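Report on one structure; see the data block that follows.
Worth saying up front: this structure is predicted, and the values here are computed from it rather than measured. We number each residue from 1, following the sequence as shown.
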Amino acid sequence: MVLPTYNHAGSLRGVLARLAALQLPVIVIDDGSTDETAELLATCRHEFSQDARFGSLTVLTHEHNRGKAAALHTGFAHAVAAGATHVATIDADGQLDPEDIPALLREAELHPRALILGSRPENMEHCPPRCRVGRRNASLAVLAETGLRLSDTQCGLRVYPLELIATVRCRASHYAFEAEIVTRAAWAGFELREVRVNCRYFPPPERVSHWKPWRDSLRQGSVHVRLVACALMPWTPRASTPDDPDTGVPAFRKLLRWLNPLRSWREVRMQATGDIELASGLAIGAWIGTLPFFGFHTLISVFVAWRLHLQPAAVVLGSQVSAPPFGIALAVASIAIGHFLLTGELLRVEPAALTWSTVWRIPFRLFADWMLGSMLLGIAVGAVAYALGLWIARRARRSAQTLSPDA
């Protein structure tokens, strides 16, 4: 059991007392705490050693705060040296229940090469809206990177096979490590499994959290941007999905089923995550459609949808913003924006200089302006497509629930 802690003196004793009842060896990493954590751990270590009902308690200390990823790796290394094959992790803030750990360990026994993730309830009292949004966006990013539908990729209650830690290398630090290891585990062929766990968010005055919303969100976001870019590369391995219903289906029929827009629409209507998937597909397609690659937008959209496990119908539909006359207006606006950003001057075209032999050369001569401008303008167009997609998908799902006899 690995338990990183940083200035959690108020909740740490309660977490350790509940872990003691599980009779598991516990490794606590004091990540440079400046409160009473050191004194508390010394007392708890004495109590653990005096009671035969408790497991062992090992305390490792970082002189300075190095972040959660470094604390986890310190605990992993100690567990490997002790001969362990798996390690369970839990946060020290008291929001997760140690009593859920045996269920994760039983799942790890059945699937020894799997990374076992705790899955918290969707709706929790006192949970900040930014946490719910971040959780859904993180799950969508993992879906794009791996094709795996996971309900909670951010829970700190997990069981890691130490083979995974030895095999997979992650560059992310702090909280972002827990995001990166999920995707890289799937790419390396390790199974990912979820187990329902309990969680509570304390009211703000009682909550102890070292999550910095802007800094840590940007850090995790940059990790997912890097992973999505890797997922687009043809040589990046695709995650295996043992429960895939298309297993054994001929490749041609599988392709037709994947391209079928009716399948995409059914998923939108029946799945709670379908609204974000549809909106994201439309947004990415609209961004692609704004780029200066006329004649190739559909092909690029299908490739991106395949690599990022998006609904192809949504991405291709979004890319149709390139169709005239809207596409022409986007091209002109993109060239004007890019020209201004690169030269600091407004684009001027003398009407007298426009002839049939010169008009067609303008896009080629201003291609750099067009490319830069379209990438930026495409973000705004994609945002509009995203909002429109959310509205359509949520209305469709409400309609499906109204018509359902179980509703």
Side-chain angles (χ1 to χ4, degrees), residues 1-105 108 115-118 154-162 164-165 173-178 181 197-200 202 206-211 216:
M1 188 75 230
V2 167
L3 175 66
T5 184
Y6 174 63
N7 289 348
H8 286 108
S11 57
L12 183 58
R13 174 178 281 280
V15 174
L16 285 173
R18 296 165 72 183
L19 287 174
L22 300 178
Q23 298 184 331
L24 295 171
V26 179
I27 305 169
V28 178
I29 300 89
D30 179 2
D31 190 27
S33 296
T34 56
D35 60 0
E36 299 79 25
T37 294
E39 294 79 3
L40 173 65
L41 286 173
T43 301
C44 289
R45 186 163 51 182
H46 175 73
E47 292 173 357
F48 269 62
S49 64
Q50 295 299 310
D51 196 325
R53 296 172 299 169
F54 298 164
S56 63
L57 175 61
T58 303
V59 177
L60 307 174
T61 304
H62 291 168
E63 288 189 17
H64 306 286
N65 180 247
R66 293 163 52 189
K68 189 174 185 181
L72 286 172
H73 282 294
T74 296
F76 294 153
H78 187 87
V80 169
T85 59
H86 290 73
V87 160
T89 64
I90 192 170
D91 298 332
D93 55 14
Q95 293 183 169
L96 295 163
D97 287 349
E99 291 77 14
D100 287 323
I101 293 172
L104 273 73
L105 292 175
L115 171 58
I116 313 299
L117 305 173
Q154 297 182 312
C155 181
L157 185 52
R158 302 178 172 190
V159 174
Y160 291 88
L162 291 175
L164 167 65
I165 303 302
S173 61
H174 296 80
Y175 293 100
F177 164 79
E178 291 178 311
I181 191 67
V197 299
N198 296 308
C199 181
R200 72 192 60 79
F202 300 115
E206 304 173 28
R207 190 181 306 154
V208 179
S209 174
H210 302 295
W211 173 270
D216 290 316

Fill in the blank from the handout: CG of L72 to CD1 of I29, rounded to nearest 0.5 Å, is 7.0 Å

Problem - Criterion side chain to side chain contact (heavy atoms under 4.5 Å, CB included) on L40 and L16, from CA distance to verdict - result: CA-CA 10 Å; L40 173 65; L16 285 173; 5.7 Å; no

Practice task
Might you work through the side chain to side chain contact (heavy atoms under 4.5 Å, CB included) test for T85 and L162, ending with a clear yes or no?
Solution key: CA-CA 5 Å; T85 59; L162 291 175; 5.8 Å; no

Handout entry: For the student: nearest non-hydrogen atoms of A88 and I101, plus distance
Key = CB-CG2, 4.2 Å

Handout entry: P25 side chain near T58 side chain, heavy-atom distance below 4.5 Å
Key = no

Problem - Pairwise side-chain contact, R13 with T43, heavy-atom cut-off 4.5 Å (strictly under) - result: yes

Problem - Contact check, side chains of L12 and L41, non-hydrogen atoms, under 4.5 Å - result: yes

Exercise for the section: Using a 4.5 Å cut-off on heavy atoms from C-beta on, say whether the side chain of L104 contacts that of V197. Expected result: yes

Exercise for the section: Look only at the side chain of D100 and the backbone of N198, and say whether a donor-acceptor pair between them is shorter than 3.5 Å. Expected result: yes

Completion exercise
Smallest heavy-atom separation, P4 atom then A71 atom, equals CB-CB, 3.8 Å

Practice task
For atom CD of E63, decide whether the heavy atoms of other residues, nucleotides or ligands shown that lie under 6.0 angstrom number more than 12.
Solution key: no

Practice task
Flag the pair I90 / R18 as yes when at least one side-chain heavy-atom distance between them is below 4.5 Å, and no otherwise.
Solution key: no

Handout entry: Sub-4.5 Å side-chain heavy-atom contact between L164 and F76
Key = no

Fill in the blank from the handout: The residue among T5, L96, L3 that forms side chain to side chain contact (heavy atoms under 4.5 Å, CB included) with V15 is L3

Practice task
Side-chain contact test, heavy atoms from C-beta onward, threshold under 4.5 Å: evaluate it for V2 versus Y160 and give yes or no.
Solution key: no

Completion exercise
Nearest heavy-atom contact between Y6 and S33 is CA-OG, 3.4 Å

Problem - Under 3.5 Å: donor-acceptor pair, side chain of R200, backbone of D97 - result: no

Exercise for the section: Heavy atoms only: give me the nearest A20-F48 pair and the separation to one decimal. Expected result: CB-CZ, 3.5 Å

Problem - Qualifying salt bridge (Lys or Arg N to Asp or Glu O under 4.0 Å) pairs with a residue from residues 64-92, counting only residues at least two apart or across chains - result: K68-D91, K68-E178

Problem - Spacing of H8 atom NE2 and D93 atom CG [to the nearest 0.5 Å] - result: 5.0 Å

Exercise for the section: Write down the atom of G67, the atom of H174, and the distance for their closest heavy-atom approach. Expected result: CA-CD2, 3.7 Å

Practice task
Quick one: closest heavy-atom pair of V87 and A79, and the distance?
Solution key: CG2-CB, 3.4 Å

Practice task
Side-chain contact test, heavy atoms from C-beta onward, threshold under 4.5 Å: evaluate it for L19 versus P98 and give yes or no.
Solution key: yes

Practice task
State the CG-CG distance between D30 and N7, to the nearest 0.5 angstrom.
Solution key: 8.0 Å

Handout entry: Whether N65 side chain and D31 backbone form a donor-acceptor pair below 3.5 Å
Key = yes

